[in-house]
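Since the structure comes first, as structure tokens, the remarks are kept for the end.
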2 protein chains.
Amino acid sequence: MTNAHTILSALGDPTRQAILDLLLEGPQPVGELAALLPVSRPAVSQHLKVLKEVGLVVDRQEGTRRVYRVDPAGLAPVRAYLDRFWKQAMVAFAQYAEDHPTEEQHR
Amino acid sequence: MTNAHTILSALGDPTRQAILDLLLEGPQPVGELAALLPVSRPAVSQHLKVLKEVGLVVDRQEGTRRVYRVDPAGLAPVRAYLDRFWKQAMVAFAQYAEDHPTEEQHR
DNA sequence: ACTTACGGTAAGTCATGACGAACGCACACA
DNA sequence: TGTGTGCGTTCGTCATGACTTACCGTAAGT
């Protein structure tokens, strides 16, 4: 399981997707995120832990609050993986089209 | 839940990631995929159903066999989403760095 | 028609993980 | 030092979904 795969697994959860979408607006503390989401604060905390482990977010202690923000660098592996994947898919597609000419243009 | 979110959820499963990686080598029938994976053929079949529903793969009847291949176009939404996400994350990061010039400014 | 190969589907089991309640800790301020 | 706030963590519960077994349909070949 590559790094990109781990990140993709983390991105698979809808709640984590929602958290990331919220953090995209700007850095926010845990309580603020929980208030905007249909889940409890501990749930948000656990999701943030996962996101932090895979490098998608970073946190910063600010008094009694802990502010999270997305880490652009954390997305690099997924972007690289998907780009490589996309190129490879195109190659496979081209080769497939070569072996199987469309029914209309060739017989 | 946008289209990109649905696709990301589909990409979250390790077995589906493995199936896609295998299909990247070229189109393959279900049995072939199952032989290369540590799961049963029905399991592969169910995963392929999910991947097909989100548009990541397409299938083609070939005699008694059903050949699956990755659909490059199916990746477009995720790529677009991640690109937008990345750009937005950069903006948020820049703004954050602006608000916090040095690490020790708060009393 | 029988047989074999291949794959989708139904049903049931089981493990993963998402979740909330309760608790403890650190920080800020009086 | 006491009080309140904000979070992380632990623990137990519960639902989702990944998986296998069994079955059925379909497409060639004999």
Side-chain angles (χ1 to χ4, degrees), chain A residues 1 5-23 26-71 100 103, chain B residues 1 5-23 26-71 100 103-107:
Chain A
M1 205 174 189
H5 285 161
T6 322
I7 300 179
L8 279 178
S9 296
L11 284 174
D13 184 78
T15 303
R16 283 197 283 270
Q17 294 172 4
I19 291 178
L20 286 175
D21 284 341
L22 285 177
L23 285 182
Q28 289 181 13
V30 181
E32 188 72 19
L33 292 172
L36 299 172
L37 291 171
V39 295
S40 69
R41 186 190 50 72
V44 174
S45 213
Q46 290 163 1
H47 282 303
L48 284 170
K49 182 180 182 180
V50 175
L51 292 174
K52 182 180 174 183
E53 283 172 355
V54 301
L56 284 175
V57 302
V58 290
D59 59 337
R60 171 191 172 106
Q61 191 83 23
E62 210 156 276
T64 144
R65 305 194 305 183
R66 186 169 288 261
V67 181
Y68 284 83
R69 60 181 174 84
V70 294
D71 183 8
H100 299 268
E103 297 76 12
Chain B
M1 205 170 189
H5 286 162
T6 326
I7 300 180
L8 279 179
S9 295
L11 284 175
D13 184 77
T15 302
R16 283 197 283 271
Q17 294 172 3
I19 290 178
L20 287 175
D21 284 342
L22 285 177
L23 285 182
Q28 289 181 14
V30 181
E32 189 72 20
L33 292 172
L36 298 172
L37 291 170
V39 295
S40 69
R41 185 189 49 73
V44 174
S45 212
Q46 289 163 4
H47 283 303
L48 284 170
K49 182 180 182 181
V50 174
L51 292 174
K52 182 181 176 182
E53 282 172 356
V54 300
L56 285 175
V57 301
V58 291
D59 60 338
R60 170 193 176 104
Q61 190 84 23
E62 209 156 278
T64 145
R65 305 194 303 183
R66 185 169 288 260
V67 180
Y68 284 84
R69 59 180 176 86
V70 294
D71 184 7
H100 300 267
E103 301 304 326
E104 287 300 323
Q105 284 297 60
H106 287 279
R107 43 177 204 271

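Since we're looking at a predicted model, the values are computed, not measured. In what follows, chains are A, B, ... by sequence order, proteins preceding strands, each numbered from 1.
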d(A/Glu32 CD, A/Arg65 CZ) to nearest 0.5 Å is 8.0 Å
Rounded to whole Å, the CD-P distance (A/Gln17 to C/dA18) equals 12 Å
note: B/Asp13, atom CG; C/dG17, atom P; distance rounded to Å ~ 10 Å
Check: protein-nucleotides 24-30 of chain D nitrogen or oxygen pairs below 3.5 Å:
none

Sorted by chain and number, sequence neighbours left out, side chain to side chain contact (heavy atoms under 4.5 Å, CB included) with A/Ala43 holds for A/Val39, A/Ser40
Within residues 27-43 of chain A, those residues having any heavy atom closer than 4.0 Å to DNA chain D are A/Pro29, A/Val30, A/Gly31, A/Arg41, A/Pro42
B/Arg16 atom CZ is separated from C/dT16 atom P, nearest whole Å, by 17 Å
Atom CG of A/Leu11 and atom P of C/dA18 are separated, to the nearest Å, by 13 Å
In whole angstroms, the gap separating P of D/dC14 from CD of A/Gln46 amounts to 17 Å
So do B/Gln17 and A/Ser9 actually touch side chain to side chain, heavy atoms under 4.5 Å?
yes
B/His47 atom NE2 is separated from C/dT9 atom C1', nearest whole Å, by 15 Å
Check whether any side-chain N or O of A/Tyr68 sits under 4.0 Å from OP1 or OP2 of D/dG8, and answer yes or no. yes
Contacts of A/Val54 meeting side chain to side chain contact (heavy atoms under 4.5 Å, CB included) (sequence neighbours excluded), chain-then-number -> A/Thr6, A/Ile7, A/Ala10, A/Leu56
Among D/dT10, D/dA18, C/dG8, the one nearest any side-chain atom of B/Ser45 is C/dG8
A/Arg65 atom CZ is separated from D/dT5 atom P, nearest whole Å, by 13 Å
A/Glu53 CD to D/dT9 P, in whole Å, measures 9 Å
All heavy atoms of B/Leu8 vs all of A/Leu11, minimum pair found to be CB-O, 4.1 Å
*Are A/Leu23 and A/Tyr68 close enough that some pair of their side-chain heavy atoms sits under 4.5 Å apart?*
yes
Hits for side chain to side chain contact (heavy atoms under 4.5 Å, CB included) against B/Leu22, two or more places apart or cross-chain, chain-then-number order -> B/Leu33, B/Leu36, B/Leu37
The complete set of salt bridge (charged side-chain N to carboxylate O under 4.0 Å, His left out) pairs with one or both residues in residues 39-59 of chain B, sequence neighbours excluded, reads B/Lys52-B/Asp59, B/Asp59-B/Arg66
- Query: Any side-chain heavy-atom pair from B/Val57 and B/Asp71 closer than 4.5 angstrom?
  - Reply: no
